[in-house]
Amino acid sequence: MTEIVDPKEAKEFFLNEPRKLDNPFPDLKYFRENRPVFYYEPFDQWFVFGYDDVANLFHDPRLSVDRMKGFVDQVPPEVRDDVKEIAPYLEMFLLFKDDPDHARMRKFLHAGFNLEAVHRLKDQIQGAADELLDRVQNQGHFDVCGDFAFLLPAYVLSDFLGVHKEDRDRVVQWSVDFIDFFNHIPITEDTAGRMVQSATEMIDYTKGLLAERRWEPRDDFLGTLANVEEGTITEEEIVANTMLLLLAGHVAVRNLVGNTIYLLLTHPKQYSLLKSNPDLLKNAIEETLRYEPPVTLIPRIALEDFDLHGNTIRKGQIVQLSIASANRDASHFPDPEYFDISRKPGRYLSFGFGPHGCLGAPLAKEEARISLETLFRRMPGIKLDKSRHIEWYRNAANRGPIILPLVF
Ligand code: HEM
């Protein structure tokens with residue numbers, strides 16, 4: 001039987017109250033403790049808040065990730081046909097594939113993330129961090145997100161994919177257009193149009209990079225995939241998942257870097273602790289991932305009716321897994337509402353869990369570590385610029401600053 005919802009709870013549900021997005025954590029605690037499995041009628045969706053349930057549902061075969069059709073249905077009719085032309089690529093995203101295709105494709109994409117390929121990126125991450133800070137070093141103030149944390153992951157992805165240096169700004173634009181299409185609700189003619197334009201350009205461009213690598217083998221990401229045995233993963237699947245990397249590996253990294261800086265600057269004791277013990281930087285990043293996960297909510301679709309603690313989830317309904325809530329579940333993290341960079345890292349769920357767990361997690365952590373170490377070393381006196389506003393990127397599924405003005 002579908003749970004009867006107290007209308008007061010429904011009205012005040014955090015996702016329906018924009019002002020609550022600033023700080024949803026008291027609500028998440030309330031739901032975790034009182035309604036850990038919650039049906040929210042206005043959205044016709046289920047929300048799951050407890051750590052064990054979220055972790056278990058991440059690898060429950062009764063739930064599917066195949067949600068691309070839902071996106072196309074929401075596109076304004078004026079541009080729907082254009083989106084339909086690109087949709088076959090979007091449907092090949094690993095993120096939207098169930099087994100057996102998911103397992104087959106993931107095996108090959110994982111090979112592209114081989115340790116050596118990621119290891120080689122260390123110098124390139126360092127190079128990008130220095131290049132971006134060189135541009136602002138003499139200014140005395142800058143926007144650490146717009147000028148640094150936003151561009152760094154795009155430059156790193158360009159290096160990872162083997163994009164020619166003069167084309168890096170195109171990668172930034174493509175990735176912004178993919179993110180706007182998938183993250184802005186409702187989808188507009190503008191976001192859909194830009195996505196189609198960028199996807200068309202990127203498909204051609206990536207096919208060119210693959211052709212170069214077939215001609216002259218290289219052991220970078222695309223080189224590894226270009227030379228796998230024919231019939232194992234198609235060229236279209238490789239191109240599609242290269243697009244996915246721009247969507248998955250850009251804004252989340254910016255959010256992680258921005259959230260870490262913001263949390264440290266607003267928790268002076270923790271920042272002093274880090275200054276007196278720089279080895280705690282890795283831990284500070286882990287704690288930020290737990291406390292303020294860049295990706296807060298992940299949807300799944302029920303493939304069949306099933307029972308979850310007395311609630312009947314119906315086939316076709318969306319089940320939203322709250323990472324932000326699970327990471328503050330007191331049964332897994334003592335004193336969870338406390339930001340503590342000396343905490344022993346636990347098994348937070350910020351990179352997902354199970355078959356779809358993040359392929360780029362080691363890369364993301366390395367980007368955060370190198371960029372923050374470089375920032376704190378080169379600009380040891382950074383402070384929030386109180387004369388300017390912080391702008392946040394906060395919606396149902398993402399959290400992090402877009403503009404974070406600093407003085408130094
Ligand atoms: C702090 C940064 C990041 C966060 C918080 C993050 C988070 C996540 C999460 C929660 C998932 C699981 C999605 C699901 O279960 O539906 C995921 C999947 C994925 N991520 Fe990340 N990610 C980050 C960075 C990256 C980077 C840098 C890359 C690549 C360059 C990347 C590539 C992927 C891919 C390809 C998947 C899909 C895996 C699959 O479906 O099998 N991510 N990520």
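Every number for a ligand or one of its atoms is a count from 1 in the order of the listing. Quick caveat: nothing in here was measured; it's all calculated off a predicted structure.
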### Task
Ignoring hydrogens, just give me the one of Gly352, Ser350, Ala397 whose non-hydrogen atom is nearest atom 7 (C) of ligand 1.
Ser350
### Message
Out of Phe351, Phe96, Phe93, who is nearest to atom 4 (C) of ligand 1 when you count heavy atoms only?
### Response
Phe351
Residue pair [X] / [Y], side-chain donor-acceptor N/O under 3.5 Å:
X: Ser64; Y: Asp98; answer: yes
X: His184; Y: Asn395; answer: no
X: Thr188; Y: Asp190; answer: no
X: Gln173; Y: Asp177; answer: yes
X: Arg32; Y: Ser325; answer: yes

I need the atoms of ligand 1 closer than 4.0 Å to a non-hydrogen atom of [X], numbered in the order shown.
X: Ala364; value: 1 (C), 2 (C), 24 (C)
X: Phe58; value: 15 (O)
X: Arg106; value: 38 (C), 39 (C), 41 (O)
X: Leu256; value: 1 (C)

How far is [atom] from its nearest protein heavy atom, and which residue and atom is that?
atom: atom 26 (C) of ligand 1; value: Gly249 CA, 3.3 Å
atom: atom 24 (C) of ligand 1; value: Ala248 O, 3.7 Å
atom: atom 37 (C) of ligand 1; value: Leu95 CD1, 3.6 Å
atom: atom 21 (Fe) of ligand 1; value: Cys358 SG, 2.3 Å
atom: atom 30 (C) of ligand 1; value: Leu157 CD2, 3.6 Å

Check contact between [X] and ligand 1, using heavy atoms of the residue and a distance below 4.0 angstrom.
X: His102; value: yes
X: Phe160; value: no
X: Ala368; value: no

## Note on the structure
Heavy-atom closest pair (Arg290 atom, Tyr338 atom, distance to 0.1 Å) is NH2-O, 3.2 Å
Could you tell me whether [X] approaches ligand 1 through its side chain, its backbone, both or neither, with non-hydrogen atoms closer than 4.0 Å?
X: Phe353; result: neither
X: Ile298; result: side chain
X: Pro355; result: backbone
X: Arg300; result: side chain

Parallel, tilted or perpendicular: which describes the rings of [X] and [Y], with under 30° parallel and over 60° perpendicular?
X: Phe113; Y: Phe160; answer: tilted
X: Tyr40; Y: Phe47; answer: perpendicular
X: Tyr51; Y: Phe333; answer: perpendicular
X: Phe71; Y: Phe182; answer: perpendicular
X: Tyr39; Y: Trp46; answer: tilted

### Task
Would you indicate whether the side-chain heavy atoms of Val239 and Thr234 approach each other to under 4.5 Å?
no
### Message
Pairs of nitrogen or oxygen atoms closer than 3.5 Å, one from His356 and one from ligand 1: do any exist?
### Response
yes
